[in-house]
Amino acid sequence: MLTLKQIQDGRDEVIERLKIKNFDATAIVDQIIELDNQRKLTQTESEALQAEMNKISKSVGQLIQKGDINAANEARERTAGLKEQIKDLSSTLVSVERELLDLLVQLPNLPHQSVPSGKSAEDNLKVKEGGKMPELKDALPHWELAKKYKLIDFELGVKLTGAGFPVYKGKGAKLQRALINFFLEEACAAGYEEVLPPLMVNEDSAYGTGQLPDKEGQMYHVGIDNLYLIPTAEVPVTNIYRDVILSAEQFPVKNCAYSACFRREAGSYGKDVRGLNRLHQFDKVEIVQVAKPEDSYKILDQMVAHVQSLVDKLELPCRILRLCGGDMSFTSALTYDFEVFSAAQERWLEVSSVSNFESFQANRLKLRYRDADGGKPQLAHTLNGSALALPRIMAAILENNQTPEGIKIPRVLQPFCGFDIIK
RNA sequence: GGAGAGUUGGCCGAGUGGUCGAAGGCGCACGCCUGGAAAGUGUGUAAACCUCAAAAGGGUUUCGAGAGUUCGAAUCUCUCACUCUCCGCCA
C-alpha cells in the first residue's frame with residue numbers, strides 16, 4: 001500500500017499516475033487526506049490529555065508517599081472527566097485509523113514512468129522477441145501428446161481431486177522434476193539462496209503480500225486452522241522479511257524457491273484453459289529480491305535477464321512484454337511478462353511475470369533497511385519473478401519439440417532427466 | 001489429543017501496583033589505554049506516531065495479542081495465540 005506521506009506530499013501525482021492504471025483515485029485520495037488530517041488533530045488532542053493524566057497519576061503516587069492523603073484524593077478526583085474524554089478521543093482515533101486503512105488498501109501501486117497506458121493485454125508493449133519459431137505441420141496439442149506418450153493423466157486427476165489437478169506420470173513426472181531442478185540450479189548459480197517454504201500461510205502473511213483483504217477468493221482456505229494454500233512462493237518467501245529491519249551489509253537479498261502453487265481461479269473454461277494452460281495446482285520456481293530503492297530498477301533488469309537466459313537455454317521462442325497500466329497487477333509498479341510460443345496451439349503462453357513493487361509491499365510488510373551511515377530505517381523495495389512456471393513451459397516443450405520419432409528434450413535438461421527423447 | 005511451565009529491548013536475564021523504556025550482563029558503535037592487539041575502561045545503544053519550517057527539544061504508545069480492574073499495570077483479572085517439557089499418537 002502507498003504511504004500516507006506519498007499521498008499527502010504528492011496528491012496530484014498520485015491521481016495522475018493511477019490514471020495509467022485506469023483507476024480514478026481522486027475521491028479516495030481526497031478522503032484519505034482529509035481523514036489523515038483529522039487523525040492528526042485527534043491524536044494531538046488525545047495525547048495532550050494523556051500527558052496531563054500521566055502527570056496527575058505521577059503526582060498521586062508522590063503525594064501518597066509523602067502521606068498527604070487529602071491532596072492525593074483531590075488529584076484523583078480530577079481524573080474522572082479526563083478519563084472520559086480520553087476514552088472518547090481514542091475511540092474516534094481508532095475508528096478514523098480503521099477507515100483510513102480501509103481506503104489505503106484500495107489504492108493500487110503507482111505505475112513506473114515507463115509503463116504504457118492501455119486497457120488490456122492488447123496494449124502491452126513488446127520489448128523483445130527471440131528464439132526460433134517452430135515450423136511444424138499437423139502438430140498435436142500437448143494434451144494429446146501427453147496422452148499419446150503417457151506423460152500426464154488429466155482424467156485421473158479429476159478422479160483423485162478434480163479438474164485442474166493433473167497427475168504426471170513416468171517420463172512426464174521426470175521431465176517435471178528435471179525442470180524444477182534445472183530452474184533451481186540456475187537460480188542458485190545466479191546467487192539466489194534457495195529456500196523451501198511452507199505451502200500454507202497464515203492471515204498475516206497473506207495480508208503482507210496483498211492477497212488479503214481483497215483477493216481471498218483466489219486462494220484455497222483451510223478453515224479449520226485458518227490457513228491459506230499459497231498461490232505462489234512469493235507469499236511465504238517475501239514474508240520472511242515481514243517486520244524486519246535490514247542493515248546495509250545484508251544486501252543483496254536474493255532468494256529462490258520451488259513450490260507447488262494453488263489457485264482457485266474459479267469461473268473460466270474453454271479451450272484457453274485446456275490441458276496445462278491453467279491449473280488449480282502447478283509447480284513454479286520463484287525468485288525474490290529485496291533491494292535498496294536506488295538499486296531496484298537495475299535489479300529488475302537483472303531478473304529479467306535471468307529469466308530470459310532460462311527460456312533461451314530451453315530453446316523456446318519467446319517474447320517479453322512490458323505490461324500496460326490496464327493489464328498490470330494491483331501491487332506492481334512495473335511488470336515484464338514472458339511468453340513462449342506454443343506450436344500446436346499457435347499462441348503465446350505466459351510463463352513468467354517479473355515485477356518491481358517498489359515500497360508498496362514493503363509498507364504493508366514493514367520491511368525496512370538502515371543505511372550504512374545510520375539514520376532512520378526506511379522502506380525497502382521488493383521484487384519477484386517466476387523463473388519459471390512449469391506447466392506452460394512443459395506444454396511448449398512438448399508441442400514445439402515433437403517429431404515423428406518422438407519428443408526431443410532440450411539439451412540443458414538432458415542431464416537432469418536422464419533421457420533425450422520421449423518415445 | 002492429555003498434563004504442566006513459559007512468552008520482557010539485537011541476545012541472555014532481573015523486575016509481583018507508582019519516578020520502569022525497563023537493573024545487570026553479552027553483543028554492537030565511538031573514545032581512552034597500547035608500539036599494535038587482547039584485556040581493561042568511559043560513553044552511547046529500540047521502533048512507530050504526534051508536535052516543530054527543519055534540527056534540537058517536547059509528547060504519546062509499545063514488556064506475546066486483545067479486553068478489564070486502578071488515579072497509576074511489565075507487575076492483578078479474563079480471553080486468545082504461540083513456545084517448551086512430559087505422556088499419547090504418528091511419516
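Proteins come first, then strands; the chains are lettered A, B, ... in the order of their sequence lines, and each starts at number 1. As the structure is a prediction and not an experimental result, all values here were calculated from the model.
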(request) List in chain and number order the residues that pass salt bridge (Lys or Arg N to Asp or Glu O under 4.0 Å) with A:Lys5, two or more places apart in sequence or in another chain; answer none if no residue qualifies. (result) A:Asp9
(message) Which is more 5' along RNA chain B, the nucleotide nearest A:Thr44 or the one nearest A:Asn54? Just name the residue.
(response) A:Thr44
(request) Rounded to whole angstrom, note down the C1' distance from B:rG68 over to B:rC11. (result) 33 Å
(request) Heavy atoms of chain A, cut-off under 4.0 Å: which first and last nucleotide of RNA chain B, 5' to 3', fall inside that, if you could look? (result) B:rG18 to B:rG72
Acceptor/donor pairs from residues 386-400 of chain A side chains to any protein atom, 3.5 angstrom cut, sequence neighbours excluded:
unit_1, atom_1, unit_2, atom_2, d
A:Ser386, OG, A:Ser353, N, 3.1
A:Arg392, NE, A:Asn277, O, 2.8
A:Arg392, NH1, A:Glu350, O, 2.8
A:Arg392, NH2, A:Asn277, O, 2.8
A:Glu399, OE1, A:Ser342, OG, 2.6
A:Glu399, OE1, A:Ala344, N, 3.0
A:Glu399, OE1, A:Gln345, N, 3.1
A:Glu399, OE2, A:His142, N, 2.9
A:Glu399, OE2, A:His142, ND1, 2.8
A:Glu399, OE2, A:Gln345, NE2, 3.1
A:Asn400, OD1, A:Ala343, N, 2.8
A:Asn400, ND2, A:Phe341, O, 2.9

(request) Quick one: list whatever passes salt bridge (Lys or Arg N to Asp or Glu O under 4.0 Å) with A:Glu52, sequence neighbours left out. (result) none
(request) For nucleotides B:rC87 and B:rC12, find the distance between their C1' atoms and express it as a whole number of Å. (result) 31 Å
(request) Please state the C1' separation for the pair B:rG72 and B:rA3 - nearest whole angstrom. (result) 38 Å
(message) Run the side-chain hydrogen bond (donor to acceptor under 3.5 Å, both in side chains) test against A:Thr42 and tell me which residues pass, sequence neighbours left out.
(response) none
Which pairs would a plain distance check flag for residues 147-168 of chain A, meaning a side-chain donor or acceptor within less than 3.5 Å of a matching protein atom at least two apart in sequence or in another chain?
unit_1, atom_1, unit_2, atom_2, d
A:Asp153, OD1, A:Glu155, N, 3.2
A:Asp153, OD1, A:Leu156, N, 2.9

(request) Taking side-chain contact (heavy atoms from CB on, under 4.5 Å) as the test, write out the residues that go with A:Gln106, two or more places apart. (result) A:Ile28, A:Leu103
(request) Sticking with atom C1', work out how far B:rG27 lies from B:rA46, rounded to a whole angstrom. (result) 15 Å
(request) For A:Ala75 and for A:Ser59, find the nucleotide of RNA chain B with the closest heavy atom, then tell me which residue's nucleotide is more 5'. (result) A:Ser59
(request) Provide the distance between the two C1' atoms, one in B:rG1 and one in B:rC78, to the nearest whole Å. (result) 25 Å
(request) Using a strict cut-off of less than 4.0 Å between a Lys/Arg side-chain nitrogen and an Asp/Glu carboxylate oxygen, indicate whether A:Glu315 and A:Arg411 qualify as a salt bridge. (result) no
(message) Would you measure the distance from the C1' atom in B:rC63 across to the matching atom in B:rU16 and give it in whole Å?
(response) 14 Å
(request) Whenever both distances are under 3.5 Å in a Watson-Crick or G-U wobble pair, mark it; put RNA chain B into dot-bracket that way, with [ ] for crossing pairs and | when the partner is on another strand. (result) ((((((((.[[[..)..(.....]]]((((((.......))))))((((((.....)))))).[[[[[..)....]]]]])))))))....
(request) Could you check which residues of residues 76-84 of chain A get a heavy atom under 4.0 Å from RNA chain B? Sort them by number, please. (result) A:Arg76, A:Thr79, A:Lys83
(request) May I ask you to say what A:Gln50 touches in the nucleic acid, namely base, sugar-phosphate or nothing, with a heavy-atom cut-off under 4.0 Å? (result) sugar-phosphate
(request) Rounded to whole angstrom, note down the P distance from B:rG6 over to B:rU75. (result) 15 Å
(request) Take atom P in B:rA14 and the same atom in B:rC76, then report the distance between them in whole Å. (result) 15 Å
(message) Going by the rule side-chain hydrogen bond (donor to acceptor under 3.5 Å, both in side chains), which residues pair with A:Arg177 if we only count those two or more places apart in sequence or in a different chain?
(response) none
Ignoring hydrogens and angles, write down the donor-acceptor pairs under 3.5 Å from the side chains of residues 413-423 of chain A, residues two or more places apart or on other chains.
unit_1, atom_1, unit_2, atom_2, d
A:Gln414, NE2, A:Ile409, O, 2.9

(request) Could you tell me whether A:Arg78 and A:Glu74 make a salt bridge, using a distance below 4.0 angstrom between a side-chain N and a carboxylate O? (result) no
(request) Could you name each residue pair satisfying side-chain hydrogen bond (donor to acceptor under 3.5 Å, both in side chains) that touches residues 84-101 of chain A, not counting sequence neighbours? (result) none
